[in-house]
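Just so we're on the same page: letters track the sequence lines, and every chain starts at 1. Not measured: the values here are computed from a predicted model.
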Protein chains: 2
Amino acid sequence: MDKFKQFLKSIAPITDDEFEDTITFFTEQNLQKGEFFVKQDKVCRHIAFIVKGTLRTFYINNKSEETTSCFCTENSFTTSYKSFILQEPSNLSIQAIEETELLVIDYDNLQKLYHSSAIWQNIGRIIVEQEYIEMEKYASVLNNENAKEKYLRLLKEQPTVIQKAKVEDIASYLGVTRRTLSRIRQEVSK
Amino acid sequence: MDKFKQFLKSIAPITDDEFEDTITFFTEQNLQKGEFFVKQDKVCRHIAFIVKGTLRTFYINNKSEETTSCFCTENSFTTSYKSFILQEPSNLSIQAIEETELLVIDYDNLQKLYHSSAIWQNIGRIIVEQEYIEMEKYASVLNNENAKEKYLRLLKEQPTVIQKAKVEDIASYLGVTRRTLSRIRQEVSK
DNA sequence: CTCTTAAAAGGACAAATGTCCTCAAATGAT
DNA sequence: ATCATTTGAGGACATTTGTCCTTTTAAGAG
């Protein structure tokens, strides 16, 4: 809860009273390893702040393989943004890969926050802006870096993920097969 | 000008009077083929609605090659979003690849719009949301489709770009070399 | 601890892509 | 129109990655 307050304060000035008002709109949710926060083809009604844990975002590609697009770690928001914004069926699933604690708000309550609180008009846009920047960075990485560079970046930016995720999921995140990830690891360990 | 009004109306209800107020914040700008709208390493102060023409967004990657990340066509916004949002130096350049007409607003005026107009608080967030969705789609395409599929998608979604852009730029957009694009074209033409 | 099952590493060959070219077609200037 | 220069197509070979396996290591159940 305190983590969430710190996170919001880093985005926009928010008083303790405003935070108390805000927090009533959110509910706590815990996920076990393997449980889903969002399921593909269902409309995503919620957005969550990750207090603790790790989630994996993936979809089924046109070759019927699971493709991991993102590992979500603590102190950030997660949702299937497109589905949430447009309130249409999600093309992503989001699954906990370890025990995970969330602070969750649903779509209707977020709209209420936007309309009841001037500060949230701002915070809302700023969060979307930040997510845009993350997505742009992600796209730039996809474009710019080969699988080995992506692996080294993951190792640097989200080292815990390397321990917690399966080889299969890391490989699909890097856009290569298990075989190639195996070769990369061989090189990296010199 | 009328195109811009239609575009805004498709986003949020806006009256003719509100549009008249809005439009005073924008200025017209024309670019010749080869001229830049944004230059890498400079802070991007402007966002533009493309009335007519085509622009290419690119950056210099870590192998000192130009990588094309986007072709921007009419009836959409363009800017170096990260640079514009954070007012920090841009890692992208945006260049007209043919004669192009823009409606431009600078950062300070956009902030004024946000603060002076309730409707623009909304429009602002919605535009960022839409750009996020575009970027997410782009990232999904990068992840999910091979170069041939990307080529066919470009052919379908932005067919004029295939005519107007250089082979080199299309190849870097697809993430392959000229040689591979040549092979793809050979296959596509059966 | 041992057996069973699942997950990761790595060998051998095939397929795809890149590198380095040459040649043909298109474009511009005189 | 002619020549020079730029741009696209494609050949030959090297390198990278994928596919299909087998071997090795790790994890769970009894």
Side-chain angles (χ1 to χ4, degrees), chain A residues 32-35 54 56 58 60-68 71 95-99 141-155 158-190, chain B residues 32-35 54 56 58 60-68 71 95-99 141-155 158-190:
Chain A
Q32 297 304 308
K33 179 175 176 173
E35 275 191 277
T54 311
R56 177 175 78 97
F58 68 94
I60 308 297
N61 70 11
N62 46 19
K63 287 129 203 143
S64 303
E65 305 153 339
E66 280 187 11
T67 303
T68 300
F71 293 105
Q95 184 183 30
I97 64 171
E98 64 174 336
E99 212 178 330
V141 164
L142 284 180
N143 237 333
N144 212 358
E145 298 186 351
N146 61 31
K148 187 179 175 183
E149 291 166 330
K150 285 186 226 170
Y151 181 80
L152 293 171
R153 173 184 294 274
L154 187 63
L155 201 61
Q158 299 184 299
T160 59
V161 168
I162 304 273
Q163 321 301 329
K164 291 169 181 169
K166 292 185 186 174
V167 169
E168 194 178 351
D169 295 340
I170 297 173
S172 83
Y173 177 74
L174 302 178
V176 294
T177 58
R178 279 189 293 265
R179 185 67 191 84
T180 300
L181 177 53
S182 167
R183 285 193 265 245
I184 290 168
R185 287 183 150 164
Q186 197 173 22
E187 281 181 63
V188 168
S189 66
K190 273 128 224 165
Chain B
Q32 297 303 309
K33 179 175 177 175
E35 275 191 276
T54 311
R56 177 175 78 96
F58 68 95
I60 309 296
N61 71 10
N62 46 20
K63 287 128 203 143
S64 303
E65 306 153 337
E66 281 188 10
T67 302
T68 300
F71 294 105
Q95 185 184 30
I97 64 171
E98 63 174 336
E99 210 178 331
V141 165
L142 284 179
N143 236 332
N144 211 358
E145 297 186 351
N146 61 31
K148 186 178 173 183
E149 291 165 330
K150 285 186 226 170
Y151 181 79
L152 292 172
R153 174 185 293 275
L154 187 62
L155 201 60
Q158 298 185 300
T160 59
V161 168
I162 304 274
Q163 321 301 328
K164 290 169 182 171
K166 292 184 186 174
V167 169
E168 195 178 351
D169 296 339
I170 297 173
S172 82
Y173 176 74
L174 302 178
V176 294
T177 58
R178 279 188 293 266
R179 185 67 191 84
T180 300
L181 177 54
S182 167
R183 284 193 265 246
I184 289 168
R185 287 184 150 166
Q186 197 172 24
E187 282 182 61
V188 169
S189 65
K190 275 126 222 168

Subject >> Base-contact (B) and sugar-phosphate-only (S) positions in nucleotides 16-28 of chain C, heavy-atom cut-off under 4.0 Å, - elsewhere >> reply: -BBB---------

**OP:** Rounded to the nearest angstrom, tell me the gap between atom CD in A:Glu168 and atom P in C:dA9.
**Re:** 13 Å

**OP:** Could you tell me the separation between the CG atom of B:Asp169 and the P atom of D:dT7, rounded to a whole number of Å?
**Re:** 10 Å

Original post:
Between A:Leu181 and B:Ser182, which is nearer to the 5' end of DNA chain D once each is assigned its nearest nucleotide?
Top reply: B:Ser182

**OP:** Check whether any side-chain heavy atom of B:Thr160 sits under 4.5 Å from a side-chain heavy atom of B:Glu98, and report yes or no.
**Re:** no

Original post:
Rounded to the Å, how far apart are A:Arg178 CZ and C:dA7 C1'?
Top reply: 9 Å

Original post:
How far does CG of A:Leu155 sit from CD of A:Gln163, to the nearest 0.5 angstrom?
Top reply: 8.5 Å

Original post:
What integer distance in Å separates A:Tyr151:OH from C:dA9:C1'?
Top reply: 13 Å

**OP:** Quick one: pull up NZ in B:Lys166 and CZ in B:Arg178 and give me the separation to the nearest 0.5 Å.
**Re:** 10.5 Å

Subject >> Spacing of A:Thr68 atom OG1 and A:Glu168 atom CD [to the nearest 0.5 Å] >> reply: 8.5 Å

Subject >> Sequence-distant partners of A:Glu65, salt bridge (charged side-chain N to carboxylate O under 4.0 Å, His left out), two or more places apart >> reply: none

Subject >> Rounded distance (Å) that lies between atom P of C:dA9 and atom CD1 of A:Ile184 >> reply: 12 Å

**OP:** Could you give me the CA-CA distance, side-chain angles and deciding distance for B:Arg56 and B:Tyr173, then say whether side chain to side chain donor-acceptor pair (under 3.5 Å) is met?
**Re:** CA-CA 10 Å; B:Arg56 177 175 78 96; B:Tyr173 176 74; over 6 Å; no

Subject >> Atom pair distance, as rounded to whole Å: NZ in A:Lys166 and P in D:dA26 >> reply: 18 Å

